[in-house]
There are 2 protein chains.
Amino acid sequence: MLVEKTVQGFTEELASESPAPGGGSVAALAGSIAASLVSMVSNLTVGKEKYQEYEDELKEVLEEAQGLRKKLLQLVDDDTDAFNRVMAAFKMPKETDEDKRIRSQAIQKAFVGAAELPLGVAKCCLQAMKLSEKVIDNGNPNAASDAGVSVLMAGAGAKAAALNVEINLGAIKDEAKKKELKESLDGVMQAIGELEKKLLGKVKEKIN
Amino acid sequence: MLVEKTVQGFTEELASESPAPGGGSVAALAGSIAASLVSMVSNLTVGKEKYQEYEDELKEVLEEAQGLRKKLLQLVDDDTDAFNRVMAAFKMPKETDEDKRIRSQAIQKAFVGAAELPLGVAKCCLQAMKLSEKVIDNGNPNAASDAGVSVLMAGAGAKAAALNVEINLGAIKDEAKKKELKESLDGVMQAIGELEKKLLGKVKEKIN
């Protein structure tokens, strides 16, 4: 598994001439890092008398963030698997008409999977960013820059995922499916754009 | 070293109640991932007859990107060290006036170091983004989304580094030093903002 490599080894694998892992796995990793920073700020807040008022809320945030951190780590590997399924479909036999029909169906199915996966990553990044808001508002203010970095990483993860949805949408022939995925992506990305702007404004106020 | 942990272990360490590693190390990691993706796109371009025209240029980009990837990985650990030096300075004895004077100087020195370090990370992220432009323009277009993700990660890394410069600037009393660092940061971040916007526009054109 990719996430069992060292951080250094992961960057080496990424930098290599193999097309996978690539930007799709990076999107999921950025989201997982965002969730990790939300956990950290929650951990630096709960159990401290000064922030007792928000104890219960931040315990819930912590639990949700830990779940997202793990889910997004899984998606680092899943994205590379989805990409590899596209490559495998292209390598299917294409000698007879029946071969060609089956291969073409498999390619289309693989592209839909490779578009749906980063769409799921973008949705998880939006969830992570919503949790960032809670630690910005009620978390330990000494960690305000860490909360801000969680917003930036969730935003970059979602935008990176969106590029990966879009590049795969271009290969999908089922227009209804394509429209459905595109509309879902647009909704998530609009929410990401608005929330990121709002939260970075809040972080700047806390830091300055 | 942090970068010798597994990716999964790194996120666990990040998520823990320890304030280091935090957002500063994440900024450097995001930059290193950006440089890795530039390397990958270069690797998917060089040696292919179709892109022979850009062979020499992209070999240079590859070498520079590999250097940046490694330098930024080193900065992942260096940032955590810089943060720990601030914490260590605060723990120095403060019994006598002489103690207090020495401690206060050490704290100030540590804060300057903790601001200079992420400023260096932001500069490296700008270099990585400049390399992204070369792979967007002349790299294998099949990897256009990966080149786009490198822009997003370099941008997020620089913005994350900037938050870490700013939070430390707030603690620096030497006004001349503070002004110098702030001006340098502003220059880097203006360049990042303009370049990111331009490059993401180019990527969208390639993908759609």
Side-chain angles (χ1 to χ4, degrees), chain A residues 1-19 22-24 26-27 29-30 32-33 35-40 43-44 46-47 65-66 69-70 73 76 142-150 152-153 155-157 159-160 163-164 166-167 170 200 203-204 207-208, chain B residues 1-19 22-24 26-27 29-30 32-33 35-40 43-44 46-47 65-66 69-70 73 76 142-150 152-153 155-157 159-160 163-164 166-167 170 200 203-204 207-208:
Chain A
M1 273 177 64
L2 287 169
V3 300
E4 284 164 6
K5 287 183 183 288
T6 64
V7 170
Q8 187 171 320
F10 178 79
T11 67
E12 280 163 13
E13 182 77 26
L14 204 55
S16 78
E17 64 193 44
S18 152
V26 165
L29 178 56
S32 182
I33 288 173
S36 304
L37 286 167
V38 170
S39 291
M40 173 185 146
N43 269 319
L44 288 168
V46 298
Q66 288 286 34
R69 176 179 72 78
K70 289 175 196 165
L73 276 183
V76 171
N142 294 328
S145 63
D146 302 296
V149 176
S150 79
L152 290 166
M153 294 306 285
K159 290 169 207 166
L163 291 180
N164 283 276
E166 282 165 8
I167 205 164
L200 291 177
V203 169
K204 292 232 169 222
I207 286 180
N208 295 321
Chain B
M1 275 177 62
L2 287 169
V3 300
E4 283 164 6
K5 287 184 183 287
T6 64
V7 170
Q8 187 171 320
F10 178 79
T11 67
E12 281 163 12
E13 182 76 26
L14 203 56
S16 77
E17 64 193 45
S18 153
V26 165
L29 178 57
S32 182
I33 287 173
S36 304
L37 286 167
V38 170
S39 291
M40 172 183 146
N43 269 318
L44 288 168
V46 298
Q66 288 286 36
R69 175 179 72 78
K70 288 175 197 164
L73 276 184
V76 171
N142 294 328
S145 63
D146 301 297
V149 176
S150 78
L152 290 166
M153 294 306 285
K159 290 169 209 167
L163 291 180
N164 283 276
E166 282 164 8
I167 205 164
L200 291 178
V203 169
K204 291 231 171 224
I207 287 180
N208 296 322

What are the two closest heavy atoms between B:Arg69 and B:Ser32, and how far apart are they?
O-OG, 2.9 Å

Check whether any side-chain heavy atom of A:Gln8 lies under 4.5 Å from a side-chain heavy atom of A:Glu13, and answer yes or no.
no

Please step through side-chain contact (heavy atoms from CB on, under 4.5 Å) for the pair A:Leu37 and B:Val26, ending with a clear verdict.
CA-CA 9 Å; A:Leu37 286 167; B:Val26 165; 4.1 Å; yes

Name the member of B:Ala35, B:Ala143, B:Pro19, B:Ala30 that forms the most heavy-atom pairs with chain A at distances under 4.5 Å.
B:Pro19

Could you tell me which portion of A:Glu12 (side chain, backbone, both or neither) has an atom closer than 4.5 angstrom to a non-hydrogen atom of chain B?
both

A:Ser18, part contacting chain B, at a heavy-atom distance under 4.5 Å:
backbone

Part of A:Leu2 within contact of chain B (heavy atom distance under 4.5 Å):
backbone

Could you look at B:Ile207 and say if it's the side chain, the backbone, both or neither that has a heavy atom under 4.5 Å from chain A?
side chain

Separation between CG (B:Asp146) and OG (B:Ser36), nearest 0.5 Å, reads 12.0 Å

Pick whichever of B:Leu29, B:Asn43, B:Asn142, B:Leu200 has the most heavy-atom pairs under 4.5 Å with chain A.
B:Asn43

What part of A:Val76 gets closer than 4.5 Å to chain B, counting heavy atoms only: side chain, backbone, both or neither?
neither

Tell me, side chain or backbone of A:Leu14 under 4.5 Å from chain B's heavy atoms, or both, or neither?
both

Please classify the contact between A:Leu73 and chain B as side chain, backbone, both or neither, with a heavy-atom cut-off of under 4.5 Å.
side chain

Relative to chain A, which segment of B:Lys70 carries a heavy atom at a distance below 4.5 Å: side chain, backbone, both, or neither?
neither

What heavy-atom pair brings B:Val38 and B:Ala65 nearest, and what distance separates the two atoms?
CG1-CB, 3.8 Å

Looking at B:Val7 and A:Phe10, what are the two nearest heavy atoms and their distance?
CG2-CB, 3.7 Å

One option among A:Ser16, A:Ala27, A:Ala156 has the most heavy-atom pairs under 4.5 Å with chain B, and it is A:Ser16

Please find the pair of heavy atoms, one from A:Thr6 and one from B:Glu4, that lie closest to each other, and give the distance.
CG2-O, 3.3 Å

Tell me, for A:Lys5 versus chain B, whether the close heavy atoms (under 4.5 Å) come from the side chain, the backbone, both or neither.
backbone

Considering all heavy atoms, the nearest A:Asn164-B:Ser145 contact:
OD1-OG, 3.8 Å

By a 4.5 Å heavy-atom criterion (distance strictly below it), what part of A:Thr11 contacts chain B: side chain, backbone, both, or neither?
both

Side chain proximity check, B:Lys159 to B:Leu163, heavy atoms < 4.5 angstrom:
no

